[in-house]
Amino acid sequence: MSATTYVEAVRQGLWEEMTRDEDVFVLGEDVGVYGGAFKVTAGFLDQFGEERVLDTPLCESAIVGAAIGAALMGMRPVAEMQFADFISCAFDQITNFAAKCRYRWGAGVPLVIRGPSGGGIHGGPFHSQNPEMYFVHTPGLKVVAPSTAYDAKGLIKSAVRDEDPVLFFEHKYLYRRVKEELPSEEFLVPIGKADVKRTGGDISVVTYGAMVHNALEAAEVLAGDGVELEVVDLRTLVPLDKATVLESVKKTGKVILLHEDTRTGGFAGELAAVIAEEVFEYLDGPVMRITAPDTPIPYSPPLEEFFLPKTSDVIRVARHLAAY
Amino acid sequence: MSATTYVEAVRQGLWEEMTRDEDVFVLGEDVGVYGGAFKVTAGFLDQFGEERVLDTPLCESAIVGAAIGAALMGMRPVAEMQFADFISCAFDQITNFAAKCRYRWGAGVPLVIRGPSGGGIHGGPFHSQNPEMYFVHTPGLKVVAPSTAYDAKGLIKSAVRDEDPVLFFEHKYLYRRVKEELPSEEFLVPIGKADVKRTGGDISVVTYGAMVHNALEAAEVLAGDGVELEVVDLRTLVPLDKATVLESVKKTGKVILLHEDTRTGGFAGELAAVIAEEVFEYLDGPVMRITAPDTPIPYSPPLEEFFLPKTSDVIRVARHLAAY
Amino acid sequence: MLPDKKVCRDMLYYMKLSREIETRIERKLYRQGKIVGGVYVGRGQEAISVGSSIQLEQNDCICPSHRDMGAFLIRGLSAREVLAQYMGKKTGVTRGKEANMHMGDMRHNIVAFVSMLADTVPVAAGIALAYKMRRQRNVVLCYFGDGATSRGDWHEGLNLAAVQKVPVVFLCNNNQYAYSTPLDKQMPIQDISLRALGYAMPGVTVDGNDVLAVHEATREAVELARNGGGPSLIECKTFRMTGHSAHDDARYVPKELFEEWSRKDPILRWETRLIRDKVMSEGEVRRMATRITQEVDQAVSLAENDPLPDPKETLEGVYADQSIEAPLAFAASFFSPDRWR
Amino acid sequence: MLPDKKVCRDMLYYMKLSREIETRIERKLYRQGKIVGGVYVGRGQEAISVGSSIQLEQNDCICPSHRDMGAFLIRGLSAREVLAQYMGKKTGVTRGKEANMHMGDMRHNIVAFVSMLADTVPVAAGIALAYKMRRQRNVVLCYFGDGATSRGDWHEGLNLAAVQKVPVVFLCNNNQYAYSTPLDKQMPIQDISLRALGYAMPGVTVDGNDVLAVHEATREAVELARNGGGPSLIECKTFRMTGHSAHDDARYVPKELFEEWSRKDPILRWETRLIRDKVMSEGEVRRMATRITQEVDQAVSLAENDPLPDPKETLEGVYADQSIEAPLAFAASFFSPDRWR
Ligand SMILES: Cc1ncc(C[n+]2csc(CCOP(=O)(O)OP(=O)(O)O)c2C)c(N)n1
Ligand SMILES: Cc1ncc(C[n+]2csc(CCOP(=O)(O)OP(=O)(O)O)c2C)c(N)n1
Ligand SMILES: [Mg+2]
Ligand SMILES: [Mg+2]
């Protein structure tokens, strides 16, 4: 058996769900004939036919709106945003329509919106964004951001089966850089469960998405110095697996909150609040954030490189905390 | 001299700015003949004429887009969202166009987007929202949320003069409930400066908007018990006046973060992170958040009442912290 | 030619029932402070939602807007549920979660309006898409006003529906105002149906105060849609015989327009026609009115006595999985379930 | 009738210069790894931006899209600035902050495209509104593709411009594909100009590979706009003679279409016409080509040797007030200015 890439894992997960349940269908720009800008739906048109693999016009708001309508009728639409950045154009439908239906009038909207997010590929300000917080802050939505092929496959399958709208942010930097052998039998990864990707007793690094790999790299380096990082991969941002995060912080007493998204109003703030409120007594040092700065994502390599949080940042901050 | 209401203060501020500078103009739905749904631009059409008081079609995205275009040419548009909730329809233009122009290519967009936000008037899920965080999390925007008539007037004037896009969230619950005598001479309130609305040595309450008044009420009650709250009114969320917040927390060692907006991903998280990172050593108790729960804003009075944070919450949490 | 007698009578009934309920809400309950939120009524426009939705089949679906009371009633909501909705009662269509016209119930295939106008347009396209995928011979009626057509979602929704050729009928009530904004500040054209050309779909303008004209235009459009012919746009010219909402005195509307249009009242017209064509006698019409008054009296008193929702319901129903509420909810250990009292 | 000779020559020059720069970028620099981001070119569509923007006055403004290289050059950007932009150099139009066609510079009245297609449509309306308010006799040209017309902002922008009767010309390059999506999956009509009817503005369809036709249609629309006659929509039929971007081999496009449209190459056509009508001799055309090659050679070598931006510039320019950067910036006391190395 050979290793499966992250992007292929998403593809397989969707494929399996479409095979399992006729109500599942995909829609978006260029998802059919072209198989999607990143080939997540390559081969789907041939396998599932034009009715279940819909090439739409260029209209993110209507793509999501139509997905909502179909979901209200019990279908299981999976809408692709060609780049996650373009989700801004569907913001209103997602936050006001999809998110609030169940609460307002009891109508479930089992809908997945997925797409490639994140930087590191020189995409510039409009092909590199991490839009998760806009949705984390909207009650009624679930937000998922896997870091490995296994999680990507298991979580996309759970997302399709979820009764509520799920925002599924794939990290395009990982698409072909991350791979692993996947079980041949079917598996799911539950939404709402974090995963401790490495255990360690000194400092907790709570993170998600591409930054999980930076945290793991840093942990490897620091282990050489005798500093043991525990790497908590959230996998799901909403609903947050508070128990796993708090347990880790209680154990280590020190915590780094790490994400690629920009700083002010980023998820690290939410985590800091939960930690400072609920396990304040266990803290042995300041709660440290490592994030991108508060700027749009620049294009030119030296700028983008400077913008993205990196392994060396984790190492530097961890050393500071270890000595605290 | 008689007291000026909050809504009248906004009106006066805009009026003065339009009188001062010909490039200032207002646009939006029903701002002309009708004078705005909340009468913020009442009388403007007669005074300034049709060209500077534009009744637009019902199209928030184009209202903001057109304002951006005019601002690029050096005009000073002030766009009204009839209810702040509808800003969702202009989300893309605001976060991708207005916010990023200067950074991407050096073009300033001196634009104000203002509107009534907040609950407490039985407006239901779509006429009560607090959408500030979507913009707090977008670098390039400034976000203002005044709590008094004085601040509302001084800040709207500063917003109009600002070289960058300013989101100006008025709180409609305060429109006619809050009033005070305003100086007869011109005054400005700078963007980016918090205001300590009440000093006290025991617990800092950091808040903004309508909740400032709940904090002040709570402080009054608690003073009777010998617990002194310091009420920090942020007034501006971005750029954050970190110095004032941290100074207060250093002094009191205990802090309540209070807002009407929902909890997860709310501004209290950002504040908690800043505090837990930068003045950790000064903390004598957990950092406590008081916010709305993570639900849409319900309509029926008992539900809405339950949803909104209230003075009694502040009192209860403050007593707990005082005893900590 | 008139539709069959029952339909003719039903149309009168639902128009009159709508008017009675809305009059009660706007002129009585609202003024008595029993309706705490905003009130928008469809006075003078009743023919539109009634003439169209009366002909739907059970599994068809509607996406009503904020002046379509008749459509809700025809789809099966009771006067009491509607009144309780307005009063924020637990027995209201949304159990107090939502205000006024934001009523939805998938058991009746009624999709709740969201305030952001035209948002239901692409959603209606999606519902129709589901019908098409499942080979159901059903249709969606999607309602909106003239102002809503200026929004991007309106355009995106019509275009998507047209490209996918799905069974949806778009029904515009052109009442010539959007809040205080008259049509000529809303769009540079007079007939909204003109825009159908841009989506290669049939587009017609009808007299929206003539329930028969609405009925006939909808019948054709529904038939086309049901038979796989794709979407249509129907513009119903009408007039908003009130302010935008109960707090708006509409002083920006020239008085003559109200006078002119009150002469075109759709209910009066239909009554006269039914009597003239001997579908109903004057006595029958009078008895219908009496019956409606009684029905609404009764519904009002039931709704008034209905309970408000329990404050704790605030936290319920955000997700299907109820266990999620707890971790996401407010104030952790400090949350007191009694705080409302 | 041809425009004056200088304009005729300039149009050929800018079309050829666009082609040369884009060919160099796509077929050489990109393949050499010197352009790290995406590359979109307007090969085969050069007549559209050139035939239209050539006639603008200094204070007019353009909102170009991603296949309008000619418009940037005509408005005054140099080949070197453009190439440096693509290479992410500090000397590029946006100093490395932005990628490829996202060039903007208000000194030349060029508004930078944002990726979200059609977002510039209402923005262009706003620029035109400013002209109108200031009584400037200027116009805006706003460019977009067929795919962009499906977005809500397109509709909102056209409608607003039409209601306000502002001086803007909307120019659609209908190259019959949006990425892999052919026109018939994008919209149910063939002529986008048809939609102008819905906004009561003039709408025409012209041969987008005929620079003269584009020039003429734009001339009329610009004149109308300049004289207070409001907006127009011009549809230029053309074909995208490449994949969507440099990494797309366009295997979804039938080969015959490429063959058919390569025979309609706008540059070849214009050259032939100019020679036939004796505006230029064959020798002059050859010399122009040689000059362009040299210009681009030189620009490439300058741009290649230009410096990259300093990493620290990442933090600059978010707000006018530079003092704001610090408190908002990353990692507080842990921020090391050397972290890039
Ligand atoms: C996106 C959006 N912007 C603004 C509003 C506020 N608003 C509510 S109704 C209305 C006028 C609607 O006009 P129209 O669509 O013609 O419907 P009518 O009320 O005339 O039936 C406005 C501006 C809204 N609900 N949604
Ligand atoms: C809102 C939005 N959605 C998706 C994309 C991704 N995308 C970039 S170009 C393109 C196709 C554009 O087609 P068209 O407007 O016809 O322009 P063309 O490339 O053919 O010139 C797509 C889908 C985008 N840039 N913006
Ligand atoms: Mg109307
Ligand atoms: Mg195209």
Side-chain angles (χ1 to χ4, degrees), chain A residues 60-61 85-96 99-100 103-104 124-126 129 131 133-140 237-240 255 257 261-281 283 285-289 293-296 298-299, chain B residues 60-61 85-96 99-100 103-104 124-126 129 131 133-140 237-240 255 257 261-281 283 285-289 293-296 298-299:
Chain A
E60 282 73 11
S61 194
D85 312 55
F86 304 139
I87 205 167
S88 56
C89 301
F91 177 79
D92 173 52
Q93 287 283 356
I94 299 170
T95 60
N96 283 318
K100 298 182 173 50
Y103 186 76
R104 294 169 55 231
F126 301 119
Q129 295 179 20
M133 284 312 289
Y134 300 124
F135 308 103
V136 164
H137 187 54
T138 306
L237 304 188
V238 179
L240 174 64
V255 61
L257 308 171
D261 190 10
T262 55
R263 190 172 186 78
T264 298
F267 200 70
E270 179 58 29
L271 291 168
V274 169
I275 290 166
E277 189 170 61
E278 305 201 17
V279 294
F280 174 72
E281 289 301 340
L283 288 175
V287 176
M288 302 295 301
R289 286 192 284 181
D294 283 331
T295 74
Y299 164 68
Chain B
E60 283 73 9
S61 194
D85 313 55
F86 304 140
I87 206 167
S88 56
C89 301
F91 177 79
D92 174 51
Q93 287 283 357
I94 299 171
T95 59
N96 282 318
K100 296 181 175 51
Y103 187 77
R104 293 168 58 231
F126 301 120
Q129 295 179 21
M133 283 312 288
Y134 300 125
F135 307 103
V136 164
H137 187 54
T138 305
L237 304 188
V238 178
L240 173 65
V255 60
L257 307 171
D261 190 11
T262 55
R263 189 170 186 79
T264 298
F267 200 69
E270 179 58 29
L271 291 168
V274 169
I275 290 166
E277 189 170 62
E278 305 200 16
V279 293
F280 175 73
E281 289 302 339
L283 288 175
V287 176
M288 302 294 301
R289 287 191 284 182
D294 283 332
T295 75
Y299 164 69

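What you see below is based on every heavy atom in this structure, not just the backbone, and it leaves out hydrogens, waters and symmetry mates. Not measured: the values here are computed from a predicted model.
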* Interchain contact, A/Y299 with chain B, by part (heavy-atom threshold 4.5 Å) -> neither
* Asked: Of the backbone (N, CA, C, O) and the side chain (C-beta and beyond), which part of B/F126 lies under 4.5 Å from a heavy atom of chain A, both, or neither?
  -> side chain
* Shortest non-hydrogen contact between A/A276 and B/A276, atoms and distance -> CB-CB, 4.3 Å
* Looking at B/G285, B/G140, B/P298, which one has more heavy-atom pairs under 4.5 Å with chain A than the rest? -> B/G285
* Asked: What are the two closest heavy atoms between A/F267 and A/L237, and how far apart are they?
  -> CZ-O, 3.6 Å
* Among the listed options B/L257, B/L271, B/D261, the residue most often paired with chain A at heavy-atom distances under 4.5 Å -> B/D261
* Asked: At what distance, to the nearest 0.5 angstrom, does CZ of B/R289 lie from CD of A/E277?
  -> 5.5 Å
* Report the option among B/T138, B/I275, B/I94 that has the most heavy-atom pairs separated by less than 4.5 Å from atoms of chain A. => B/T138
* Shortest non-hydrogen contact between A/S61 and A/C89, atoms and distance -> CB-O, 3.4 Å
* Asked: So which of A/D85, A/N96, A/V136, A/I87 has the largest heavy-atom pair count under 4.5 angstrom toward chain B?
  -> A/N96
* Look at A/S88, A/A272, A/G266, A/P125 and state which one has the largest set of heavy-atom pairs under 4.5 Å with chain B. => A/S88
* Which one, B/A273, B/G269, B/G265, B/P296, leads in non-hydrogen pairs under 4.5 Å with chain A? -> B/P296
* Asked: Can any side-chain N or O of B/D294 pair as donor or acceptor with the backbone N or O of B/R263 at less than 3.5 Å?
  -> yes
* For B/Y134, is it the side chain, the backbone, both or neither that has a heavy atom under 4.5 Å from a heavy atom of chain A? -> both
* Quick one: are B/T262 and A/H137 in side-chain contact, heavy atoms under 4.5 Å? -> yes
* Give the member of B/R104, B/M133, B/E270, B/E281 that has the highest number of heavy-atom pairs under 4.5 Å with chain A. => B/E270
* Taking the side chain as every heavy atom from C-beta outward, state whether B/T95 and A/F91 have any pair of such atoms under 4.5 Å apart. => no
* Where does B/V279 contact chain A at under 4.5 Å (heavy atoms): side chain, backbone, both or neither? -> neither
* Stepwise side-chain contact (heavy atoms from CB on, under 4.5 Å) test for B/E60 and A/D92 -> CA-CA 11 Å; B/E60 283 73 9; A/D92 173 52; over 6 Å; no
* Engaged part of A/Q93 at the chain B interface, taking heavy atoms whose separation is under 4.5 Å -> neither
